[in-house]
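All values derive from a computational prediction rather than experimental measurement.
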2 protein chains.
Amino acid sequence: MRSRRHTIAADLRQQITSGRIRPSERLPSEADLADRYKVSTLTLRHALAVLQGEGLVEKIHGKGNFVRRPLRKTMYVGGWGILDPWMAAEPVLRVTVRSNTVEAQAHLATLLGVPTGSPLAEFTCLSYEGESPHGLARIYLPRDLAPAGVLDDNSASRQTAARFAQLGPTPAAVRETVCARPPTTVEASSLRLATASVVLSITRISTDSAGRIVEAALLTFPGDRIDAVFTTHTMTDERQARA
Amino acid sequence: MRSRRHTIAADLRQQITSGRIRPSERLPSEADLADRYKVSTLTLRHALAVLQGEGLVEKIHGKGNFVRRPLRKTMYVGGWGILDPWMAAEPVLRVTVRSNTVEAQAHLATLLGVPTGSPLAEFTCLSYEGESPHGLARIYLPRDLAPAGVLDDNSASRQTAARFAQLGPTPAAVRETVCARPPTTVEASSLRLATASVVLSITRISTDSAGRIVEAALLTFPGDRIDAVFTTHTMTDERQARA
DNA sequence: CAGTGGTCTAGACCACGCG
DNA sequence: GCGTGGTCTAGACCACTGT
């Protein structure tokens, strides 16, 4: 016999996948569900944690548990940083951008190759697909390279940020480091993920033709919502085919 | 004030990273620790769960909590498929290769662009770092493209396979799709991972100058053991890997 | 304010590993 | 059998979200 959390999770999962409870719909409160299944609230919370780990349920503190939209894997295209939901046919991504100035701590200073304490322009971008958080980007530029307009929340920079594209000068080279890991607590709460879930993390370093680092971007996506694609052409004379 | 689980986790983390508790050493029992920190066992377990998520602690039912060996992150360099442990200074990877012929099922047939049922040469490579499995590769080639020598277990092909490099003809283009997810049951047992852990999965498709697909490789690595790096030079619209 | 999820307690009982 | 971690309970109190 499986544990109660799993039998409860299985029952709820069935109700979700069969469409008895619809996407973005709220589940009954944890107290109600615990009562219905005749378990303690803690056990019920564990059952929900299972579904959360599967990406079926999203918890929002103070509001409730919600059924996530069925998966729509989007594509991150390497070297461009363009987030491309279904070939951009549907501009469903809404983005919030917060900008401010921070001092470079050890990690960021190393990434950007600047002295610790240097002033950096920081852009925190959170994209939503409908109501669900879809991606988190933290973009850092040396303060003096940040274009003036970008520091205001004008629509142009929002458009740019919406694609998590370069904010600084056009770079000559981009180096992307990809890793798979659980989310940090900040990422988990921003993206409404369980701490035991999986994220795809991309650290993108852009350099100009002189080799100076002009931008560092820390991109985080729920693992079940993204594929990252990188294309390499070993012949130099060939034009890249994107499709 | 942070939650107790986090303050406890921070304290234990400090003891581990400072070396006060050494790798592979057992922590005091959860009951003892709960007693020492004056919290309930559940809270203490939550604290350990934090460290578990960070890869610092490993739980073994009936035995205890153990400090994990510090990570040795290796590098996967995109576009070449070279697995590069510490710049190849230390050839610590041991590899087993199994080759046979299979018929293309739906998924593989789509990947390789061949009819379902086509004969494929399959290479299953499992690399070890010491005793620990380090990576799993399943490489598929159209049967007629597999070089004769590769089908035997000679040392040359083993060297090649050890780096999970191309086995077929040198390709003109490589397309790598990266995703983060929990391991399949096969992967979990091959790599000795928990089913709740994280793997980085790379699907590598190589095409020749005529656009024909000459190889498909399914690469899987434990998420906490690998970083994948991709470099793009925008001037030539081309991606290249630099050492 | 009421309703929701988040953390925590003190204790019970179960399942695993090993002598 | 004994010590370990794993699951569960019933209830308390805190923190966030809306009215």
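Proximity of a side-chain donor or acceptor of A:Thr110 to a complementary backbone N or O of A:Ala106 within less than 3.5 Å is detected. A donor-acceptor pair under 3.5 Å links the side-chain atoms of A:Ser127 to the main chain of A:Gly135, judged by distance alone. No donor-acceptor distance shorter than 3.5 angstrom exists from the side chain of A:Ser118 to the backbone of A:Val114, with no hydrogens or angles considered. A donor-acceptor contact shorter than 3.5 Å is absent between the side chain of B:Glu54 and the backbone of B:Leu51.
Closest approach of B:Leu136 to B:Glu187, counting heavy atoms only: CD2-CG, 3.9 Å.
Rounded to whole angstrom, the span from the CZ atom of A:Arg2 across to the C1' atom of D:dC8 amounts to 17 Å. Rounded to an integer number of Å, the gap from NE2 of A:His46 to C1' of D:dA10 is 15 Å. B:Arg5 places its CZ atom 8 Å from the C1' atom of C:dC8, with the value rounded to the nearest Å. The interatomic distance linking B:His6 (NE2) with C:dG6 (P) rounds to 13 Å, in whole Å. Rounded to whole Å, the distance from CZ on A:Arg192 to P on C:dG6 is 12 Å.
A close approach under 4.0 Å does not occur between any side-chain nitrogen or oxygen of A:Arg4 and OP1 or OP2 of D:dT7. Phosphate contact (OP1/OP2 of D:dG5, side-chain N/O of B:Asn65, threshold under 4.0 Å): present.
Counting heavy atoms from C-beta outward, A:Val39 and A:Arg5 have side chains that stay 4.5 Å or more apart. No side-chain heavy atom of A:Val57 sits under 4.5 Å from any side-chain heavy atom of A:Phe66.
Using a 4.0 Å cut-off on heavy atoms, the residues of residues 23-45 of chain B that approach DNA chain C are B:Lys38, B:Val39, B:Ser40, B:Leu42, B:Thr43, listed by number.
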Which atom pairs link the protein and nucleotides 15-18 of chain D when you take only N or O atoms and keep those under 3.5 Å?
| unit_1 | atom_1 | unit_2 | atom_2 | d |
| --- | --- | --- | --- | --- |
| D:dA15 | N3 | A:His61 | NE2 | 3.1 |
| D:dG18 | OP1 | A:Lys63 | NZ | 3.4 |

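Not counting sequence neighbours, the partners of B:Glu103 by the side-chain contact (heavy atoms from CB on, under 4.5 Å) test are B:Gln105.
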